[in-house]
Enquirer: 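To start, I am sharing the structure in question, which I have written as structure tokens.
In what follows, every chain begins at residue 1, and chains take the letters A, B, ... in the order their sequences are listed. All values below come from the heavy atoms of this structure, side chains included, with hydrogens, waters and symmetry mates left out.
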Amino acid sequence: MADITITLPDGSQRSVPAGTTVGGLAASIGRGLAKAAVIGVVDGTERDLNWELRDGDEVEIVTATSERGLYTIRHSTTHVMAQAVLELFPGATFAIGPPVEDGFYYDFALPPGPDGAPGTFVPEDLDRIEDRMREILSEAQPFVRDELSSDVAREVFAKHRYKLEIIDGQADDPMSATATGLVRTYENPPAKAWADPPFEGYPGFIDLCRGPHVPDTKSFLGHFKLMRVAGAYWRGDEKNEMLQRIYGTAWASKADLEEHLHRLEEAAKRDHRRLATELDLLSFPEQLGGGLAVWHPKGGIVRKTMEDYSRRRHLEGGYDFVYTPNLANGKLFEASGHLGFYKDGMYPPMEMDNGEYYPKPMNCPMHNLVFDSRQRSYRELPLRFFELGTVYRYEKSGTLHGLMRIRGFTQDDSHIYCTPEQAHDEIRSLLGFVLSVLRAFGFDDFDANLSTRPAKAETVGTDEGWAAATESLRAALEAEGLPYEVDEGGGAFYGPKIDVKVRDAIGRSWQLSTIQYDFNMAERMGLSYIGEDGGRHTPVMIHRALLGSIERFFGVLLEHYAGAFPTWLAPVQVRVLPVRDDHAAYAAEVVGELEGRGLRVDVVDASEKLGNRIRKAKGEKIPYVLVVGDADVEARTVGVNPRGGEVDRDVPLDAFGQRVADEVLAQTSVS
RNA sequence: GCCUCCUUAGCUCAGUCGGCAGAGCGCUUCCAUGGUAAGGAAGAGGUCGUGGGUUCGAUUCCCACAGGAGGCUCCA
């Protein structure tokens, strides 16, 4: 039999007998690779291990622990889950089931219950499904690739309406391939034919699928766990019926699975809602209503420190401070367009004697009123109005999430009014300012989205205006060297925007800052300035939130630092512990000295043993714990136990105070 | 808003297959005054989220509502 030549990723070539499969190639390279091989990539397309190679193919073997290998494992696992569900729940049908980050899901519709309502899964069902999945695994059912004509596929999947919609191209399924009248499928022949198989002509499970898959259900699939059941709208549309989605996670080894579960536990430990309670920072009293928080003294001082810093930076950055009320007559929001476009997100109005008043969902209309309070000249532009403005938005109850999604929050909001000529430079310096402030809070890993014009018919503004604005945003991103993705058509109807995202200590990405052009509102509200030519012009208006919502930013910081705020932000910066009661007087002196340097200091008296007081201080994540005893009283020193560091005895009080005061000053000074 | 689940002391959580409710931490008082991650004792503290229903009896079962978690949709 003639040999064929295969090219490997390192460029080397290999001769193998004609008819060699991807798996065979792996085996010819090495026994270890043969064992680890999940699929292959042949000329850029992922293929099963039993895919037959042709002369001249370029082939890469994909192993279980690689990203593509894991993706395949998760994809195959979700097929097994679907099989288990369809077998355990007669009459059930299935929609789509792709792998996702760390796992997979599949959407199902269960037959209606006795009350006629759509059937739902309960958590115990997950155990049954998992048990059945393990049985399927032990059967080592092969994944059998096939290609059916659309007509045949329609008969096979006649009982599965979602699959029919996919076959007919009405619904998107990222995992299927239905081109040119042909439909690709994967079948798992069962050890024993089902009593009443729901697929015409097959004894067990088959699914529309482009593959590839692991060779059989016994290979690579053992390390999974079904996590939870959730609702999900068919085709992602709120108007469609809600399906039952089961989420699972799957890994290449037991150790990887356990590590993943451990990571989830660790992430839960730094959940801002838990830390906010533990550290007594803030709470969400039920009596207040959903999505509304009260700040306790410890959270309050952190927030004040953040806000003071923000104010100072804005003052130095050439911003003007404005203050505006929380309520406004509905006529203002009609003029601004909010009642037309965003009414659903607003709290309902209260009736007053001269009309309906609404809590403000945004600060811009009011800032516009400040702009419009007298005639403006081009000589005073750019004008930068800044306000820590509290807004209220009626978020749907199911979307609320601690501080991250809340109904009443404060934006560090700015609106900038400038001439078209000024806009380019203004955007550029604005982005630099934004990044500088974010860095001061301890973030240094940024990226951005540049959102461009949506479908033209839905937007305002001119072609030239959009093009110039988008170009200014792009130039600013490039000048800052900020990596960005273009979100084509992702802009608002009124203009393009940049969203700045930061990566936190455990690698999660948070969208914080936003810089948005607005071609709409200034004109709508009739804003103008007198230009050099003596004529009236509409200013360019730029919306900008830096930290975004103070509440949300606080939540992000809390999780980023896992509650251990840097010294300048920490609610208690130094705790003083007298060894015995008779050191209390000196401890008070130490407190006084440090407070005199502007530090936040407290003291815990000796009614508990020292070890326990230290333990509690560590639990509160206080940056510095000072122990003072006989020797310290004598020599005016302190024993310093810093967070995350070594104990240092006999430090002169003065030197310690200076050091910490310097540390705080360094963190808060402009970079 | 929709789907699943949850709600017991200030916090974290046991528990009751329907029969007067428990632990640890925290809090109060007393003893103890101990140089770097839990000293001892006693005590207070709960209409078992709220409102209805079933029942001789409901914290437990059913319904509604509120709040919360995870998703979906949404996020100006």
Enquirer: 5'-most contact on RNA chain B: A:Val625 or A:Arg405, nearest heavy atom basis?
Expert: A:Val625
Enquirer: To the nearest Å, give me how far apart CG (A:Asn240) and P (B:G1) are.
Expert: 20 Å
Enquirer: Using atom P in both nucleotides, what's the gap between B:G10 and B:G46 to the nearest angstrom?
Expert: 8 Å
Enquirer: State whether the distance check finds a donor on one side and an acceptor on the other, under 3.5 Å, for side chain A:Lys396 versus base B:U73.
Expert: yes
Enquirer: Check for a donor-acceptor pair, side chain of A:Arg524 on one end and backbone N or O of A:Glu334 on the other, with a separation under 3.5 Å.
Expert: yes
Enquirer: Which nucleotide sits closest to the side chain of A:Asn612: B:A38, B:A37, B:C72?
Expert: B:A38
Enquirer: Which nucleotide in the set B:A37, B:U36, B:U33 lies at the smallest distance from any side-chain heavy atom of A:Ala606?
Expert: B:U33
Enquirer: For atom P, what is the distance between B:G53 and B:G68, given to the nearest Å?
Expert: 28 Å
Enquirer: Using a cut-off of 4.0 Å on non-hydrogen atoms, how would the nucleic acid contact of A:Gly291 be classed: base, sugar-phosphate, or nothing?
Expert: sugar-phosphate
Enquirer: Rounded to the Å, how far apart are A:Tyr247 OH and B:C5 C1'?
Expert: 15 Å
Enquirer: For A:Tyr494, report the nucleic acid contact type (base, sugar-phosphate, nothing); a contact means any heavy atom under 4.0 Å.
Expert: sugar-phosphate
Enquirer: As a test of reading the structure: which of B:A37, B:A76, B:C74 is closest to the side chain of A:Gln516, going by heavy atoms?
Expert: B:A76
Enquirer: For a quick check, tell me whether the side chain of A:Tyr233 and the base of B:G1 share a donor-acceptor pair closer than 3.5 Å.
Expert: yes
Enquirer: Does A:Asn329 reach the main-chain N or O of A:Lys331 with its side chain, forming a donor-acceptor pair under 3.5 Å?
Expert: yes
Enquirer: Looking at B:G22, which nucleotide sits across from it as a Watson-Crick or G-U wobble partner, both distances under 3.5 angstrom, or is there none?
Expert: B:C13
Enquirer: Which base, if any, makes a Watson-Crick or G-U wobble pair with B:U29, both distances under 3.5 Å?
Expert: B:A41
Enquirer: Round to a whole Å and report the spacing from NZ of A:Lys616 to P of B:C25.
Expert: 10 Å
Enquirer: With no hydrogens and no angle check, just 3.5 Å: does a side-chain donor-acceptor pair link A:Asp413 and A:Asn363?
Expert: yes
Enquirer: Paired with B:A76 by Watson-Crick or G-U wobble geometry, both distances under 3.5 Å: which nucleotide is it?
Expert: none
Enquirer: What's the closest nucleotide to the A:Val122 side chain, out of B:U36, B:C5, B:C72?
Expert: B:C5
Enquirer: Specify the separation, in whole Å, of atom CD of A:Glu608 and atom P of B:C31.
Expert: 16 Å
Enquirer: Can you tell me which nucleotide in B:C5, B:G35, B:G70 comes closest to the side chain of A:His401?
Expert: B:G70
Enquirer: At 4.0 Å (heavy atoms only), tell me whether A:Ser397 reaches a base, stays on the sugar-phosphate, or touches nothing.
Expert: base
Enquirer: Nearest to the side chain of A:Pro361, heavy atoms from C-beta on, is which of B:A38, B:C5, B:A76?
Expert: B:A76
Enquirer: Measure from the side chain of A:Val579, starting at C-beta and using heavy atoms only, and say which of B:G34, B:G1, B:A37 lies closest.
Expert: B:G34
Enquirer: If B:A58 has a Watson-Crick or G-U wobble mate with both distances under 3.5 Å, name it; if not, just say none.
Expert: none
Enquirer: If you assign A:Arg580 and A:Met242 each to the RNA chain B nucleotide with the nearest heavy atom, which residue ends up on the more 5' nucleotide?
Expert: A:Met242
Enquirer: What's A:Tyr105 touching, base or sugar-phosphate or nothing? Going by heavy atoms closer than 4.0 Å.
Expert: nothing
Enquirer: Rounded to whole angstrom, note down the P distance from B:G22 over to B:C30.
Expert: 28 Å
Enquirer: Tell me which nucleotide, if any, is Watson-Crick or G-U wobble paired with B:U7 when both distances must be under 3.5 Å.
Expert: B:A66
Enquirer: Check for a donor-acceptor pair, side chain of A:His272 on one end and backbone N or O of A:Leu403 on the other, with a separation under 3.5 Å.
Expert: yes
Enquirer: Within the structure shown, what part of the strands sits under 4.0 Å from A:Asp632 by heavy-atom distance: base, sugar-phosphate, or nothing?
Expert: base
Enquirer: Sub-3.5 Å donor-acceptor pair from the side chain of A:Arg393 to the main-chain atoms of A:Pro361, do we have one?
Expert: yes
Enquirer: Nearest whole Å is fine: how far is B:C72 P from A:Arg228 CZ?
Expert: 10 Å
Enquirer: Give me the residues of residues 93-101 of chain A where at least one heavy atom lies under 4.0 Å from an atom of RNA chain B, by number, or none.
Expert: none
Enquirer: Considering every strand and a 4.0 Å limit on heavy-atom distances, what is the contact class for A:Gly398: base, sugar-phosphate, or nothing?
Expert: base
Enquirer: Could you tell me which nucleotide pairs with B:G34 by Watson-Crick or G-U wobble geometry, both distances under 3.5 Å, or answer none if nothing does?
Expert: none
Enquirer: Under 4.0 angstrom, heavy atoms only, what part of the nucleic acid is A:Ala230 near: base, sugar-phosphate, or nothing?
Expert: base
Enquirer: Is the distance between the ring centroids of A:Tyr392 and A:Tyr358 under 6.0 Å?
Expert: no
Enquirer: Mind checking whether A:His260 and A:Trp251 have parallel, tilted or perpendicular rings, split at 30° and 60°?
Expert: tilted
Enquirer: Give me the ring orientation class for A:Phe565 and A:Phe554: parallel if the planes are under 30° apart, tilted from 30 to 60°, perpendicular past 60°.
Expert: tilted
Enquirer: Could you tell me whether the side chains of A:His543 and A:Thr514 share a donor-acceptor contact shorter than 3.5 Å?
Expert: no
Enquirer: Hey, does the side chain of A:Thr277 reach the backbone of A:Arg273 with a donor-acceptor pair shorter than 3.5 angstrom?
Expert: yes
Enquirer: The side chain of A:Arg273 is closest to which nucleotide in this list: B:G70, B:C72, B:G67?
Expert: B:G70
